[in-house]
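Both ligands and their constituent atoms are indexed starting at 1 by order of listing. Keep in mind the model is a prediction, meaning the values are calculated, not measured.
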Amino acid sequence: MCLLLSVGGTCVISKTLDREMMYDESPADDLCRPIDSKVYSEDDVAVRDGVSNPNVWVTYEGGVYDVTKFVDQHPGGKKNLMMGAGGDITQYWDYWSQHRTHPKARSILSSMKIGVLSPSEVEETSDDDLYTNDPLREVKSALLPLHSEESGVAFEGETRVPMLSTFITPNHAFYVRNHAPVPESGDINTPIEVGGKLLSFTELLKKHGKAGLVSTIQCTGNRLGEVGKAMGKDSYFNLAPSGIGLISNAAWSGVRLADVLQSEVSSKWSHKKNLEHLHVEFTGLDGFSKSIPLKHILKRSNNVLIAHEMNGSPLPRDHGSPFRLIAPGLVGAYQIKWLQSIHIVEKPSDSPWQTKFYTFNDGSPIKKWPHTSFITSHEDGGRLEGGEDVSGLAYAGGGKVVAGVQVSVNDGKTWIDTTLINDLDASRWTWRRWKISAHKLQLNSEAKRKGELKIMVRVVDETKANLQPESPEEAVKFSGASGYLFNAIHKVTVRV
Ligand code: HEM
């Protein structure tokens, strides 16, 4: 067969054995016309659905795109992309709004353009905003939105720094990281699917009793703003440049998942001698899904919950109403919101959020945060008065313990121990608050002369060894291209 190439404006014919090209061979004059003058009908596109025909074409805003070679590279997974095969992808791009905020999605699509839809078949795009039913949020006082768009995008908002001062984060200030519109929420009577059976949450509560704990959740992308700076000003991470506020702490209650899954394991999986390799896949009503090894869940001390309450009230819509998974110690992405189904499966989930996003460079899923700490009493440029305390948070992730927190006011030459506050519900699943009186931070002569003081904070182990990377560049090296798990020593410069 032949492949037509345009070289220096002239059409040449080259030999190729490419089967896909053979299938879609078009008349020579058509291939040599500029892309925007090649006109296709909806039917031309519909047959390229990757099923009846090996090619996959889609349309978007009147353009026609051959995405065949992109299917296996799609960051959102092959399964998802194939939902749009042979048709218009607008509804999917509107729903998964990352396509509109990600700098590359549109340019990748443009690079695959092969023509346009016949003008009579281009449908008017509707102005329907799938996000209009999202809940109202306290963006002025409690949550700082990460996107400048006011509508049409999945909400991401970090907890404003002054709201990070209490041990328990109030519900309205708890950080929000959504991927899609907030689903219509049910109530406590909404059934939940476990292993193909619809179960009543109230029955589960009656049978297994109420379980609860205080647990901190931190998004893998916390501090992406600093990652952006460390990687250069045009970095992709500057798109949703979070500060330190994609972390919050709340009291959760519901039923212990180990209890719920015990009967499922004995009825359906007892033939398996070894449960070690089984996983539990969770899917939210928004379509988000991920899995956790079954053995982690069956270990009761890991306290994995199907939660219905947050700080004593039914879960708010932004936090997964009516049910969400609480998997203490694991990164935010595992705390599946709007929990719809739970399945024991033989392999980890193949969802994009397990295999492409929230992964290390080698593709393995990120599970827990390394040690990290922040100064929350003062922000950059704030004023530190003599009688005040400097205070903040430290979190160890994965159920590890914070042994101690130290601060330095001389660029890390010497470090001073701070006091860990004994909050009643502080545990290995929660952050720890720390404080130190400003009087203990002896001002060096340079600070006095400049009228400003740089304060650094770090978590240490029992031997006082530092557990955090010294510099942003070092931390970025560890987190890799993803920018996840950024835990460089946090620094704040205040006026004194
Ligand atoms: C055909 C052209 C498409 C292109 C060029 C494209 C491109 C992309 C890109 C670049 C991302 C990564 C965004 C990021 O890293 O933040 C992404 C994510 C994703 N895509 Fe697509 N996509 C296409 C079609 C589709 C379709 C038809 C679906 C249907 C459901 C889909 C579903 C998803 C999902 C679920 C994600 C993850 C979004 C999230 O976590 O918020 N994509 N896509």
Open item on the list: Between ligand 1 and His99, is the shortest N or O to N or O distance under 3.5 Å?
Closed with: yes

Open item on the list: So is Trp93 touching ligand 1 or not, going by heavy atoms under 4.0 Å?
Closed with: yes

Task: Donor-acceptor side-chain pairing of Thr90 and Asp88 below 3.5 angstrom - done: yes

Task: Heteroatom proximity flag, Trp96 to ligand 1, N/O under 3.5 Å - done: no

Task: Numbered atoms of ligand 1 (with element) below 4.0 Å of Leu109, judged on heavy atoms - done: 2 (C)

Open item on the list: Pairing donors with acceptors under 3.5 angstrom, does anything connect the side chains of Thr283 and Gln340?
Closed with: no

- [ ] Determine whether more than 12 heavy atoms belonging to other residues, nucleotides or ligands lie under 6.0 Å from atom NZ of Lys299.
- [x] no

Task: Any Pro352 heavy atom less than 4.0 Å from ligand 1 - done: no

TODO: Compute the centroid of each ring, for Trp93 and then for Tyr60, and state whether the two points are separated by less than 6.0 Å.
DONE: yes

Task: Reference residue Phe323; test ring pair (Phe, Tyr, Trp, His ring centres under 6.0 Å); the match among Phe201, Phe282, Trp338 - done: Phe201

Task: Residue part near ligand 1, for Trp353, under 4.0 Å between non-hydrogen atoms - done: side chain

Task: Proximity of Lys104 to ligand 1 by residue part, where a heavy atom lies under 4.0 Å - done: neither

TODO: Verify the distance criterion only: is there a donor paired with an acceptor across the side chains of Gln468 and His371 at less than 3.5 Å?
DONE: no

TODO: Report the part of Phe288 (side chain from C-beta onward, or backbone N, CA, C, O) that has a heavy atom under 4.0 Å from ligand 1; answer both or neither where that applies.
DONE: neither

Open item on the list: Can you confirm whether or not the ring centre of Trp252 sits under 6.0 Å from the ring centre of Phe174?
Closed with: yes

TODO: Would you mind checking if Asp94 and Arg100 are paired as a salt bridge, meaning a charged N to carboxylate O distance below 4.0 Å?
DONE: yes

Open item on the list: For ligand 1, which is the ligand I care about here, please tell me if Asn80 has any N or O atom under 3.5 Å from one of the ligand's N or O atoms.
Closed with: no

TODO: Quick one: look at Tyr60 and ligand 1, take heavy-atom pairs under 4.0 Å, and tell me if it's side chain, backbone, both or neither.
DONE: neither

TODO: Tell me which part of Leu81 gets within contact of ligand 1: side chain, backbone, both or neither, using heavy atoms under 4.0 Å.
DONE: both

Task: Under-4.0 Å heavy-atom contact with ligand 1, by part of Tyr65 that carries it - done: neither

